[in-house]
Amino acid sequence: MIAEVYIDIPAKPVNRPFDYRIPDDLAELVRPGVRVTVPFGRTRRLGFVTALKEKSEFKQLKGLDSVEDHVPVLTPELIELGGWLANQTLCSTVTAFQAMLPAAMKADYKKLIVIDQIERLLEEDPELAAFLQSVKQPIWSEIIKAHPEWAKRMQRAIKHGLISVQQLVKNQAKAKKAAAVTVEVPRSSLEDELNQLGKRSYRQKEVLEFLLKQPDLQHFHETIQKLVKHGLSREAIMKLAEKGLLKHGYIEQFRDPYNRPVDRTKPLSLTEEQAHALEPILTTMQNEEHKVFLCHGVTGSGKTEIYLQSIQRVIEQEKQAIVLVPEISLTPQMVSRFKGRFGDHVAVMHSGLSRGEKYDEWRKIREEKVQVVVGARSAVFAPFKKLGLIIIDEEHESSYKQEDMPRYHARDVAIHRAKKHHCPVVLGSATPALESFARAQKNVYTLLSLKERVNHRPLPSVHIIDLREELREGNRSVFSKELLEKIKDRLAKQEQSVLFLNRRGYSTFMMCRSCGAVVKCPHCDISLTYHRAQQLLKCHYCGYEQAVPAACPNCSSDAMRFFGTGTQKVEAELNRLIPEARVIRMDVDTTRKKGSHEKLLRRFGKEEADILLGTQMIAKGLDFPKVTLVGVLAADSLLHLPDFRASEKTFQLLTQVSGRAGRHALPGEVVIQSYAPDHYAVTDAAHHDYGAFYQQEMLLRKRAGYPPFYYLVLISLSHPEPAKAAESAERIASILRRKLSHTSQIYGPVVPSVAKIKDRYRYQCMVKYKREPELMPVLHQIMQHFQDSGKAQLQLTVDLNPVTLM
Ligand code: ADP
Ligand code: ZN
Ligand code: ZN
């Protein structure tokens, strides 16, 4: 038999499988979907088997080295999905496969040193030969690290063919194993033994009595520590094992990142609106149809309860459900709502888990130990075999689009999978993406509306404050008089406030007041950001850092000043204005440590602070009964980004933030400070009017020719030499013009707003189209051409339906 294998070759992605002979001793293990190690050139590589066949058009095939998995990691559906994804996003099939699996399963390549001609090496460099023979594991990087003094001599020996360096694949994923006791014989044998045991063996009797109380002996397994904790004797267990009644072996264990008790909840009785929305979802599931629902419900309208009750039905049908939640709102609060309803049926996947934890959660899914996964974007690839439902909460969130290869949108993947499984997709949001709402208007998606909050709690009242007016009256603070009064008022009433500062565009940078020069990163065309805690200037693109300069690097004047407002500055000002208020600051700096995010929120929930001050990360999902005031310090920071979605993002963010106020018995109030108080994104958000915003924004998109009226493709390239970058950009633009310009518009090449990142010069071209049958073939040709022509220095990415154009 012959296996078709897609091989992981990071340096040069090849988008076709290679044929390998399956050695007889591996014949039983090789199945489509398993990972295998194969010889490739002079190295070994990890690959994915996608098909088996009897004949190959190639002669003298190499044999597979080894099989990495006992259970295929890719189901037949996921193998197909990988091919589709590679084609849609113009990446290699292996990259697509890897995106579907936990990072712990990626191969870790180490360079292994093999001594080819030990005799000649002994002759030429006996010292080196002796040294290499003394090393237990001759791995290149480890030797160089431990013994840099050998590096030069080793390189010389490699050049002369005395040593060769080969690739070693190390598979990192490991399951944790624990010693466990299992029962090897039928119940009646245990009973016989119990009757035969004399009076002296009462410790063995205890073990047998304990076991006979277990409902399912065949699947009983427990660690010996646990049994001892129950008061059983280790010696007695071992005695019974010697007699062949029990077995003391190893079972795989799962690390549980959420190992804490949650209160179990029961389904709530639904409001009329909720029942109305749930019904068509259940019907679609019942009929095993595929449909996409857009559940448009104001914040607090009880969308999550609808998700929970549809999942309930999925479990009853013995199928499985995927729930996607944006990374940022995958808070412990959110997770416990699902764990509270479905207990151990739930796996959780997000970036806060360790590699091992992620791997274990993934195995729970693959081994069907759970029926529900709640996770961020990549959980859309959960290897369930009988999908009954996919839910995407906050479907408008830009984090559902992956910004690296493969540049997929979780929504598209969800719909592709749901079609294959004949099941519905539910997209939920208070502020659906314009694209999604437009599809619902055209009945491509089925619209479900929830117009009221549960129990008819009013939406918070919103005040817009004109910051220009404040400035005219001489108030230079980041707090308007009105907002400050309201914060003080809440403090007096022992209620809580949430203050929101958008980080983007609000970081602190350094500028020379004399010549106007801004301190920029030498590798990236971007201003450095001041980090007060470390007294350093840092680049947010490449991590470059430097000390704060005493004099201007441009004109040597000493008039260097900090500009901009960061959360730290706002915190300092709060402390000055209201010294008695207890403030919790939440931003990248205070939440870097694992678990700190959760700790801060718990403290706020326990009312150990009066004010929660933070960035994007506090905009979503938080639900605190004592919060009655939400302040947005500057609504404009997003509004002026060079992005056609700037208004949409502002509207979404303001609506989300406002939704944090007054979710419980106490009524909520929102204050939005802005330099553009009449902008429709601000006023429509203040009136909680999605419809008005949609109408206005669609008019502008139509006029300017943007999605959802047109589709966009962004082609970006970078090169370390500016002239080469420009030349390639011109060539790509001219190919696009020649082949596509009958039905599409081609823009560029242009230099994007950040012209250089990590010493690479950047260019972009854009294709705008309504229908373009030639698009994919032409894009594939361009990718192929610029990859094959050996221009390794050129990096080219194609982004279909980009979420940002910066
Ligand atoms: P959304 O996801 O639409 O923002 P949530 O699902 O968070 O709304 O619901 C808001 C609050 O209302 C939650 O505290 C939830 O427990 C509660 N809730 C939802 N549905 C009901 C119901 N049918 N009866 C009573 N309370 C409900
Ligand atoms: Zn200067
Ligand atoms: Zn940089």
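Atoms within a ligand are numbered from 1 in the order they appear, just like the ligands themselves.
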Taking non-hydrogen atoms only, is [X] closer than 4.0 angstrom to ligand 1 via side chain, backbone, both or neither?
X	answer
Val298	backbone
Ala430	neither
Leu268	side chain

Original post:
How are the rings of Phe693 and Phe651 set relative to one another: parallel (under 30°), tilted (30 to 60°) or perpendicular (over 60°)?
Top reply: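 Ring orientation of Phe693 relative to Phe651: parallel.
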Please tell me whether [X] and [Y] have a donor and an acceptor in their side chains that are separated by less than 3.5 angstrom.
X	Y	value
Thr628	Arg490	yes
Glu305	Gln309	yes
Ser301	Glu452	no

Original post:
Please, which pairs that meet salt bridge (charged side-chain N to carboxylate O under 4.0 Å, His left out) have at least one residue in residues 682-701, sequence neighbours excluded?
Top reply: Glu648-Arg701, Glu697-Arg701
Subject >> Pairs meeting criterion salt bridge (charged side-chain N to carboxylate O under 4.0 Å, His left out) with involvement of residues 266-294, two or more places apart >> reply: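 As it turns out, the salt bridge (charged side-chain N to carboxylate O under 4.0 Å, His left out) pairs with a partner in residues 266-294, which skip direct neighbours, are Glu288-Lys319.
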Original post:
Any N or O of Gly300 that comes nearer than 3.5 Å to an N or O of ligand 1?
Top reply: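 Yes, Gly300 has an N/O under 3.5 Å of an N/O on ligand 1.
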**OP:** Would you check whether Gln274 has a nitrogen or oxygen atom less than 3.5 angstrom from a nitrogen or oxygen atom of ligand 1?
**Re:**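 Yes; the residue has a nitrogen or oxygen that sits under 3.5 Å from a nitrogen or oxygen of the ligand.
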Need the ligand 1 atom indices (1-based, order shown) with element for anything under 4.0 Å from a heavy-atom of [X].
X	answer
Thr299	4 (O)
Lys303	1 (P), 2 (O), 3 (O), 4 (O), 6 (O), 8 (O)
Ser269	22 (C), 23 (N), 24 (N)
Leu270	23 (N)

**OP:** Keeping the roles fixed (side chain from His296, backbone from Ala430), state whether a donor-acceptor pair exists under 3.5 Å.
**Re:** yes
Original post:
Is the closest heavy atom of Ser301 to ligand 1 under 4.0 Å?
Top reply: yes
Original post:
Does Arg337 have a heavy atom less than 4.0 Å from any atom of ligand 1?
Top reply: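 The answer is yes: ligand 1 sits under 4.0 Å from a heavy atom of Arg337.
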**OP:** Would you mind finding which of Pro267, Ala275, Gly302 brings a heavy atom closest to atom 8 (O) of ligand 1?
**Re:**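 Closest candidate by heavy-atom distance is Gly302.
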Subject >> Within 45° cone and under 6.0 Å: Arg355 NZ/CZ vs Tyr359 ring >> reply: no
